[in-house]
Undergrad: 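Take a look at the following structure, please.
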2 protein chains.
Amino acid sequence: MSIDPRLHTPVYVQLADLLRQRIESGELRPGSLIPSEARLTQEYGIGREAVRMAVALLRSEGLVRTQRGHGSYVRETTERRTVELAAGSSAIARMPTGIERLDLGLDEGVPVLEIRDAEGRTEVLPGDEIAITRPATG
Amino acid sequence: MSIDPRLHTPVYVQLADLLRQRIESGELRPGSLIPSEARLTQEYGIGREAVRMAVALLRSEGLVRTQRGHGSYVRETTERRTVELAAGSSAIARMPTGIERLDLGLDEGVPVLEIRDAEGRTEVLPGDEIAITRPATG
DNA sequence: GGTCATTTGTACGTATGTATT
DNA sequence: GAATACATACGTACAAATGAC
């Protein structure tokens, strides 16, 4: 498949679709580097901004993580720790603030879970490492 | 407060901080428009790209929503519908795929909750409209 | 309907800064 | 120091959505 700037679909979306496909097909494995910006620019004959927007889109979906000086890696799906939702507690999903992102060491495109217990105390957990459960014999 | 390009903090982060402050202080109310790109460009004497990156940052945090031809609005915190987590079910938070974002009508910077019941069936819910609960008398 | 101004979206180029190897 | 890679930031131009008239 290739990129056609005449299509209605923006070039950067087309590139993101291509890369997403290569990730989901397993051609680009979790933990591996995707091609560099310069490489994608040359390979597809498009500008650097289009390339960067494509990668930013994948980042915002939580599919890749970009490390300065290195490149962009396909994110590995982390093992999820199960957290039991206590009686009288509630949970919401939202994006972290900048501070929370630093504190929790979260990649872009990773939400947080905010748990509020019966006493109103809240706790913020990394969304990519947690599964909230309620035991079968609740 | 103002913007100083000589600081270590990037210009676009400085602008995002300023706007976030104006939102959180209530000066820019939920539902209202923030200043246009052109206005911010002139007002702070910075380039359009820095302005756009600042707004994109706020979007990714779920603070604003941008509508083409209109501008960027401060997002209103929606009323959350409580969904009881059934016994034997689990929930995870993640970012939606592009398709899911369209289907659910989600703004950028809004995660989804994926509920898996005891039979393994999954359901994807809008993260900004849902609070998962477990009743006190579980 | 058509035109215009406003606003954001896409896409290019260039230059420089910073992190890593 | 050198090479590579991403980050920031400026400029330009045109496309597309919206609303006013």
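Here is how names work: the chains are called A, B, and so on, in the same order as the sequence lines, proteins then strands, and each is numbered from 1. Since the model is a prediction, treat every value here as computed from it, not as a measurement. Basis for what follows: all heavy atoms, side chains included, without hydrogens, waters or symmetry-related copies.
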Undergrad: Using whole Å, report how far CD1 of B/I3 lies from C1' of D/dA9.
TA: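 Rounded to whole Å, this separation is 13 Å.
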Undergrad: Using a 4.0 Å heavy-atom cut-off, write out nucleotides 13-21 of chain C from 5' to 3' as B (base contacted by protein), S (sugar-phosphate only) or - (no contact).
TA: S-B-BBBSS
Undergrad: To the nearest 0.5 Å, how far apart are CG in B/L7 and CG in B/D4?
TA: 4.0 Å
Undergrad: Check the distance between D/dA9's C1' and B/Q14's CD and give it to me in whole angstrom.
TA: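 One finds 13 Å between C1' of D/dA9 and CD of B/Q14, rounded.
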Undergrad: Each residue besides A/I115 in its hydrophobic cluster should be listed here, by chain and number; the cluster joins Ile, Leu, Val, Met, Phe, Trp and Tyr at side-chain heavy-atom distances under 4.5 Å.
TA: A/V83, A/L85, A/L113, A/L125, A/I130, A/I132, B/V83, B/L85, B/L113, B/I115, B/L125, B/I130, B/I132
Undergrad: Rounded off to whole Å, could you give me the CG-to-P distance for the B/L58 and C/dT8 pair?
TA: 13 Å
Undergrad: Between B/S72 and B/R65, does any side-chain donor sit less than 3.5 Å from a side-chain acceptor?
TA: no
Undergrad: Let me know the distance between CZ of A/R52 and P of C/dG9, rounded to the nearest Å.
TA: 18 Å
Undergrad: Round to a whole Å and report the spacing from CD of B/E37 to P of D/dT18.
TA: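 The distance from CD of B/E37 to P of D/dT18 comes to 16 Å, rounded to the nearest Å.
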Undergrad: Where the side chain of A/Y12 is concerned, which of D/dT8, C/dA11, C/dT8 is the nearest nucleotide?
TA: C/dA11
Undergrad: With sugar-phosphate meaning primed atoms plus P, OP1 and OP2, does A/V11 contact a base, only sugar-phosphate, or nothing at under 4.0 Å between heavy atoms?
TA: sugar-phosphate
Undergrad: Who else is in B/V112's hydrophobic cluster (ILVMFWY, side-chain heavy atoms under 4.5 Å, direct or via others)?
TA: B/L104, B/L106, B/V110, B/V124
Undergrad: Report the residues that fulfil side chain to side chain contact (heavy atoms under 4.5 Å, CB included) with A/E43, sequence neighbours left out, ordered by chain and then residue number.
TA: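 Partners of A/E43 under the side chain to side chain contact (heavy atoms under 4.5 Å, CB included) test: A/R39.
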Undergrad: My understanding is that a hydrophobic cluster links ILVMFWY residues whose side chain heavy atoms are under 4.5 Å apart, including indirect links. Using that, what else belongs to the cluster containing A/L57?
TA: A/Y12, A/V13, A/M53
Undergrad: List in chain and number order the residues that pass salt bridge (Lys or Arg N to Asp or Glu O under 4.0 Å) with A/E79, two or more places apart in sequence or in another chain; answer none if no residue qualifies.
TA: none
Undergrad: When the distance from CG of B/D4 to P of D/dT8 is rounded to whole Å, what number comes out?
TA: 17 Å
Undergrad: Expressed in angstrom and rounded to an integer, what is the separation of B/L33 atom CG from D/dA17 atom P?
TA: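 It is 19 Å, rounded to the nearest whole Å.
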Undergrad: Please compare B/G45 and A/G71 by the position of their nearest nucleotide in DNA chain D and report the one closer to 5'.
TA: A/G71
Undergrad: Nearest nucleotide by nearest heavy atom, which residue falls closer to the 5' end of DNA chain C, A/V13 or B/S36?
TA: B/S36
Undergrad: Quickly work out the A/L40 CG to D/dA5 P distance and round it to whole Å.
TA: 11 Å
